[in-house]
Novice: 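Take a look at this one; I'll ask things after.
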Amino acid sequence: MFRVGVLASGTGTNLQAILDTVHGCDGIEVVGVASNRAKAQALDRARRAGVDAASFLSADYADRPERDRAVASWLADRKTDLVVLAGYMELVSHGFLATFPMRVINVHPALLPSFPGLHAVEQQLQYGVKVGGVTVHFVDEGVDTGPIILQQAVEIPAGRDLDETLERLHEVEHRLLPTAIRSIAAGSVSIDSTNPRLVRVEKE
Ligand code: GRF
């Protein structure tokens with residue numbers, strides 16, 4: 001079995017896509033969902049799917065590394081093979097990444113390396129881009145700087161409305177993130193032997 005842990009801070013539509021299209025398929029199981037927010041809707045989605053859910057609030061820990069150690073050990077207890085950041089609005093600390101080396105991925109609503117960080121969609125609209133997109137990448141210690149696994153371009157709707165743009169991007173995220181998880185679980189994702197930035201993905 002390939003065991004997936006998910007970290008989410010918000011509404012959790014990406015988590016829902018994972019639960020609907022990956023969980024319980026091809027030997028992949030979501031074994032736990034953790035959040036930095038007690039009221040994250042993602043936690044309800046997990047519980048509804050019968051998946052363990054827990055919140056780790058920064059107020060309960062001395063600092064972020066200590067909180068991340070607690071999250072990492074909760075995921076390690078569930079023998080997590082891959083950690084998916086699905087709208088997790090915090091950086092993960094060095095110790096967390098050391099526990100799961102090259103086993104943490106993130107979905108970002110822009111074509112990295114353009115528009116990293118928070119508010120990427122608003123910034124793309126403000127900048128006037130005509131084509132945005134979605135990136136799924138491995139997480140390193142920088143802000144959205146890890147090696148890119150999958151990317152897909154998304155045309156910005158003519159009206160340039162924020163909600164409509166978010167909806168288009170979400171549709172793509174909900175396909176691209178499950179595809180990346182399936183590919184990693186299938187052993188189809190590797191790092192190029194001569195370029196550690198280049199992620200090779202065999203076609204499904
Ligand atoms: C997504 O747009 C993702 O790219 C970003 O956070 C958002 C999370 O949305 N990192 P949801 O909670 O999955 O609906």
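Counting starts at 1 for both ligands and their atoms, following the listed order.
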Novice: P109: heavy atom below 4.0 Å from ligand 1, yes or no?
Specialist: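 Judged by the 4.0 Å heavy-atom criterion, P109 does count as contacting ligand 1.
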Novice: Can you tell me which residue and heavy atom of the protein come closest to atom 9 (O) of ligand 1, and the distance to 0.1 Å?
Specialist: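 For this ligand atom, the closest protein heavy atom is H170 NE2, 3.4 Å.
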Novice: Which ligand 1 atoms, with their elements, are less than 4.0 angstrom from a heavy-atom of T13?
Specialist: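 It comes down to these atoms of ligand 1: 11 (P), 12 (O), 13 (O), 14 (O).
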Novice: Looking only at heavy atoms, which two atoms of L97 and V92 are closest? And how far apart?
Specialist: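 Closest approach of L97 to V92, heavy atoms only: CD2-CG2, 3.8 Å.
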Novice: Show your reasoning for whether side chain to side chain contact (heavy atoms under 4.5 Å, CB included) applies to E29 and V4.
Specialist: CA-CA 6 Å; E29 292 288 330; V4 175; over 6 Å; no
Novice: Taking only heavy atoms of M89, which atoms of ligand 1 are found under 4.0 Å from at least one of them?
Specialist: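 In order of number, 6 (O).
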Novice: N/O to N/O below 3.5 Å, does that happen between G12 and ligand 1?
Specialist: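 N/O-N/O distance under 3.5 Å: yes.
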Novice: Counting both backbone and side chain atoms, is some N or O of E173 under 3.5 Å from an N or O of ligand 1?
Specialist: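 There is such a contact, yes.
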Novice: Measuring from the heavy atoms of Q41, does anything fall under 4.0 Å of ligand 1?
Specialist: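 Q41 does not count as a contact of ligand 1 under the 4.0 Å cut-off.
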Novice: L7 pairs by side chain to side chain contact (heavy atoms under 4.5 Å, CB included) with which of V71, V84, N106?
Specialist: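 Testing each of V71, V84, N106 against L7, the sole residue satisfying side chain to side chain contact (heavy atoms under 4.5 Å, CB included) is V71.
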Novice: Nearest 0.5 Å, what's the CG-CZ distance between D52 and R78?
Specialist: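 Output value for this atom pair is 4.5 Å.
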Novice: Looking at T11, which atoms of ligand 1 are within less than 4.0 Å of one of its heavy atoms?
Specialist: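 Within the 4.0 Å cut-off of T11, ligand 1 contributes 11 (P), 12 (O), 14 (O).
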Novice: Is there side-chain contact between I181 and I105, with at least one heavy-atom pair below 4.5 Å?
Specialist: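 Yes, side chains in contact.
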Novice: Is E171 salt-bridged to R175, going by a charged N under 4.0 Å from an acidic O?
Specialist: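 No salt bridge links E171 with R175.
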Novice: How long is the span from the CG atom in L176 to the OG atom in S183, to the nearest 0.5 Å?
Specialist: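 Interatomic distance, L176 CG to S183 OG, rounded to 0.5 Å: 9.5 Å.
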Novice: When only distance counts, is Y88 in polar contact with ligand 1, meaning an N/O pair under 3.5 Å?
Specialist: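 No; the residue has no nitrogen or oxygen that sits under 3.5 Å from a nitrogen or oxygen of the ligand.
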Novice: Has Q16 got any heavy atom lying under 4.0 angstrom from an atom of ligand 1?
Specialist: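 In this structure, Q16 fails to qualify as a contact of ligand 1 - no heavy atom is under 4.0 Å.
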Novice: How far is atom 7 (C) of ligand 1 from its nearest protein heavy atom, and which residue and atom name does that atom have?
Specialist: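 Answer, as residue, atom name and distance: G87 CA, 4.1 Å.
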Novice: Of the listed options (V107, I18, L176), which comes nearest to atom 10 (N) of ligand 1 when hydrogens are ignored and any heavy atom counts?
Specialist: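 Of the listed residues, V107 has the closest heavy atom.
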Novice: Less than 4.0 Å between a side-chain N and a carboxylate O, is that true for D26 and R182?
Specialist: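 No, this pair does not count.
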